[in-house]
Amino acid sequence: MTTASDWLARIRALPLPERVRIMNVCGGHERSITMAGLRHALPQNIELIPGPGCPVCICPEEDIYEAIQLALNEDIVLLAYGDMLRVPVNVPRAAARTLEAARAQGADVRPVASPVEAARIARENPDIPVIFFAAGFETTTAPTAALLVEGVPDNLFILLSGRLTWPAVALLLNSDTPGFDALVAPGHVATIMGPEEWDFVVNLHGIPAAVAGFTTESLLAAMYSTLRQLIEGRRFLDNCYPEVVRPGGNRIAQQHLHQTMDVCDANWRGIGVIPYSGFVLNETCRAHDARVHFPAYADDARRRAGEMPPGCDCAKVVLGRIYPNECRLFGVACQPRHPIGPCMVSDEGACRIWWSGGLRAPAGAADRVNVTP
Ligand code: SF4
């Protein structure tokens, strides 16, 4: 087996260009990279850029606001993945700005770890409507689809805020300034949707790409592959996570998604509407669609793009335009205990990962890691 040290030695032996920017689009990848200290271990001319890989960070403000208001104003139980409870929205000081604050004001808000747990809570409370705020990328949306196909209790409703990852990368690549030279594609998404979903990066844009898992070895293998592609002038989508990622992906999971949801244009917090980047429940799930059966509290003004808290640069962080430590609030006003923006809340948010991983020096400091913008 090729060890991480072996992969590092191979990368160091490559005739690297002066500057190479490799983007990842998975919070799990960013966590593995940061915790393993890869930014320090790799040659300084390789820059590792965290990209749009945090579903909590891009969940539109209007959906979180809707969940908060449903919890406060309707006689329901509101369930959400744990990270989502602390994500703030922009409201007047006295109002609940997170689901956690709504709970403190008396709302029945509970964290869950899976759709199965949501169904269990609904069965245990048959006389109360239970709303599951299902926010996430393909990997967390597919289990919600599976649950809907299998059948859910009559009193369980889904407030869906699902997103697809590849359209955000397409948005970057279609811009004048993609900001990266190679891509490490998300292995867990490829497991569900199939690695072919990332072919466009190579075929349409000529950017080297490789699918990676979460181990240091898999990530370094993917980086080595993309670097060799760059140096040798070859382009192909490499699969460096073959033990899990198979051609075509998980057909059953895809079928579940197809049976229960449609793909739609969708708003990404701070970024705006990205074409074909969201999941919406289809007609077959109407009986369990919270958006059909409960009032809409978010108004048009709240649906506008650019609703990060004042001073928060999460949108730029998510798009890889800046590094977390280039936000002027990073580690000063904004820390995990009192987060300003969603990227400091979620375990998959780049700001929180960098802070937790000890990358705390502000950009420009003497001990700055290789993070030249
Ligand atoms: S450090 Fe805080 S305020 Fe700045 S981008 Fe990250 S989450 Fe937003």
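Counting convention: from 1, in listed order, for ligands and their atoms alike.
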One thing to verify: whether Asp63 and Arg291 come together as a salt bridge, which I'm taking to mean a side-chain N less than 4.0 angstrom from a carboxylate O. yes
salt_bridge(Arg246, Glu196) N-O dist < 4.0 Å: no
Student check: side-chain heavy atoms of Asn45 and Val20 closer than 4.5 Å: no
Salt-bridged, Glu47 to Arg19, with N to O below 4.0 Å? yes
Residue shell around ligand 1, heavy atom under 4.0 angstrom: Cys312, Asp313, Cys314, Cys327, Leu329, Phe330, Cys334, Ile340, Gly341, Cys343, Met344, Cys351
Residue pair Ser277 / Trp268, side-chain donor-acceptor N/O under 3.5 Å: yes
If hydrophobic clusters are built from ILVMFWY residues whose side chains come within less than 4.5 Å, do Leu160 and Val149 share one? no
